[in-house]
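Every chain is numbered from 1 and lettered A, B, ... according to where its sequence line falls, protein lines coming before strand lines.
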Amino acid sequence: MSDLLEIEQNILVQDSISIGDGEQYLLFLSGGDIYAVESSSVSEIVEYEEPTIVPMVSSYIKGVTNIRGNIMGVVDLLDRLSLGSTSVTTKTSYAIVKKRLDTDNDFSMDIAIMIDEVYEVDYISTADFKDTPEFGAKIDKKFISNMATYKDEYIAVLNIENLLDISELSSLES
Amino acid sequence: MSEELDLFREDAEEQLQIMENSLVDAIENGVDSDKIGGIFRAMHTIKGTSGMFGFDGVVSFTHIAENLLDEVRNDRIEITSEMLSTFLEVRDHVEKLIEFAIEEKDLDSETEYKGEELLEILMQHLESSSSATTNEDLETIQKMQELLSEGKKVWHISLRFNENFFTSGKNILSIFSAFDKLGGILVSVPVINYIPRIEDITPINTYIGFELSYKSDVGYESIEEIFKDILDDIIISIFEHDDLVGLKRLLESQPEGDDSLEELLVHKHIFDVDIVLDALIKSEKKLLKAMAKKEEEKLNALNNPPIVEEKIETIEPPKEEVIEKKIEVVKEVKKVEAKVASPKPAKSEKKEPKKDKVKSFSLRVDSSKIDILINQMSEIVITNAKITDVASQLQHTKLSEASSMMNELLEHVRNGIMNMRMVQVEDSFTKFRRIVNDTAKKIGKDIDFVISGGDTELDKTVVEKISDPLVHMLRNSVDHGIEIPEVRVASGKSEKGRVDLRAFPDAGSIVIEIEDNGKGLDRDRLLQKGIDAGLIDPNAIPHDEDIYNLIFSAGLSTADKVSDISGRGVGMDVVKRNIEELRGTVSVESWPNKGSKLTIRIPLTLAIIDGFLVQIADTKYVIPLEMIEECIELDSNYKEQMKGNEYINLRGEILPIMDVAKYFGKASKETSETNNVIVVRSGTNMVGLRVGELFGEYQTVIKPLGDIFQNVPGISGGSILGSGKIALIFDIPKLVEHHLNKKAI
């Protein structure tokens, strides 16, 4: 839990100073890979608690969880990316991501994404962005908005819109 | 739309509703001063608030209506039923005007025409009042008009004496005699409203003043000359009768909020209403103030007859100043005032309304704020449950006691918060009066509409949502239930039909009944229709109840001809669905030639659910209590009967059993082995739900699961348990419906 707090403080500190021309990203580990999401779309990182199972939904919807009195859907990131399923450890966390419901207004809903471990909150300069390769990535191209180099590693910046597409998430298990 | 505008709209809607209720009540039960007062207040408030937003169209229209109402209120015009229906139209028109104003649109030609038409009618009534004034008054006015049109000078003199005028040794009479030399007094109105009560009068003081119309060809200086010796002892303003600026200045010089002078000038016909209003409009801040203040005072006057007020005053009123609801308006005015005029702090301080009466007041609170409180409340309850847990683990008696005490207190607070959402159904029920009366009139029926239990309290959102279904059912009762007078007489009933609308609390929910004493439902016809539509097995002998409840099936109408009121066969099924969405139930009873009764049972509130907590597979579920008929145990007896079938014989009826875990595809050994069956009723269907462990009754706050779970059949939301875990809430009708559909495929 202590490292989570640190990260949150990190977010706070870095919020106040602007470094470089890039956006701030939350970098995290899932299934051994590093992924990035814009930190502006992440409202908080919460300790994992076993979700309540909801019947008949897709396998990557793990159920619902109670985040300070609000009921949120839980999405297993690895399962969503068709990379198996997240195995829960003490470091497993929920990244609470805001998903805009409508492009025209500010209605948004929070969704809890299961991740293995928080890695870092940092700036990624747009210069470090690379185009998504046409093929070859192990996850579906639609889930990647950009590739980026970060500390000599190749990481995927996730496309939240597609990753949390409500009509897909809400479709029932066949 | 801005927040203020929202408030305005809300308030206007409320006022219009009050107006309508009072009008309908007056039409039905006769006019009394309370009702007229209510109507007047509504018009007045709308005028005042519209003025603040600069909705001139609304202001000028309501102003005329208000004038007429004022005349009625002061017994100068006798109100007729014709006038009452005009006021109903006025109400509708104002509603439209406000709509247009809020949307900042120009009036369409229809509305404009209607407005002119109504204004004409109102003016006619108003004129009839003017002609009722004494001939003497009329003569003076005519004379004044004549003089003015001849180009003669008519002066207006407003005269007040200082209290110690007499001690100055001057004589009022000498002034009046000086007057006569220079011209003639046309109208002389004593201003007497500054005379105190008899016990407070000091005999040597002056308390009166005069408003004079004075005909004289001399100039301002000559008139002022008359008063030159006593200028220190009087307050005087002199201006030509048609000098708007002078009038404006005079009115502005009045103490804040004191509009007695305006009223006097108008009522005594010294000035025309329009002129006074014009002058007031010239001075914008005064107008706004006048409106708000006037409203407040009139409200007071209406709410408390003056005598009572005086009594209260003499018994040293308590110091607390309790500000009633309408104070909002005054606050608004202050804001506007600050914008239009240079701020005068000293003055606005004085303006703090002095209220001598202690009244309970109401606040308008955004319901979402209450929702947030409710949410946080349940969070606190959960947190406290954790404390209780820890206390029992530590075996700390004192901590346990404290936390259980806390729990109890929290329960009170939660109930208190819940209570804030509750409103009496009275207002929304009275709204139906007009609908029932209009409908009845349209089809030539005479109906007594009796409302009872208006003080029953219900969650505001439920009240709003139940309104449409109720309207539909009431129309049905009037249209199909009650017969036309001739038929009623022929069947030995009173000519006048009767429709009852009742509300009462019953076992944690609210029951609303609509009963008519009409012809009742046509059983045979319904049965035939039911058989035709394949809803009823032609060979079965159905219960009357089942037949009557066919009216809630889609596409069934027993009306021979479709009217624009009802009879299209859509409706009752929609009504039923609407009520079920509120987690309510509806049923019908009927007696040939005696009438029918619709019974609606709805929960007190949507925010809380009374449920039964059960375990199914890995998840806990809440089944709404009102859906549950009974719990049975699937003993070996039943199991033998089943023989692999999914139904049992429950006291002679076939009861389909639904293994929920299996249905959800989460079957595990343990659930299949449990023998608990909860029998739920969804409409006419009874289904047994086979579930796991039973945890008993459970009251909880419903929370949405979010769009991700919108397609999950039969789950309507979630609830956070004391442990912080979530239980899912069943939507039984949808669950059963989905199950049946699946079976059908």
Got a sec, which residues hit salt bridge (charged side-chain N to carboxylate O under 4.0 Å, His left out) with B:Asp731, two or more places apart in sequence or on another chain? B:Lys734

Heavy-atom distance under 4.5 Å to chain B: side chain of A:Glu50, backbone, both or neither? both

Looking at B:Phe695, is B:Lys620 sitting on its ring face, NZ or CZ under 6.0 Å from the six-membered ring centre and within 45 degrees of the normal? yes

Part of B:Leu728 lying under 4.5 Å from any heavy atom of chain A: side chain

Is there a side-chain contact between A:Asp128 and A:Tyr150 in this structure, where contact means two heavy atoms from C-beta onward sitting under 4.5 Å apart? no

Which residue pairs satisfy the ring pair (Phe, Tyr, Trp, His ring centres under 6.0 Å) criterion with at least one member in residues 46-90 of chain A, sequence neighbours excluded? A:Tyr48-A:Tyr94

Between A:Ile111 and chain B, with a heavy-atom cut-off of 4.5 Å, which part of the residue counts as in contact: side chain, backbone, both or neither? side chain

Under 3.5 Å, is there a donor-acceptor pair between the side chain of A:Asp76 and the main chain of A:Thr86? yes

Portion of A:Leu169 that has a non-hydrogen atom of chain B nearer than 4.5 angstrom: both

Residue A:Val57 versus chain B: region with a heavy atom under 4.5 Å: side chain

With a 4.5 angstrom heavy-atom cut-off, could you sort out which part of A:Ser171 is near chain B: side chain, backbone, both or neither? backbone

Of B:Ile708, B:Asp707, B:Thr619, the largest count of non-hydrogen pairs under 4.5 angstrom with chain A goes to B:Ile708

Interface check, chain B: of A:Thr65, A:Thr52, A:Ile71, most non-hydrogen pairs under 4.5 Å belong to A:Ile71

Can you tell me how far the CD1 atom of A:Ile34 sits from the OH atom of A:Tyr25, to the nearest 0.5 Å? 15.0 Å

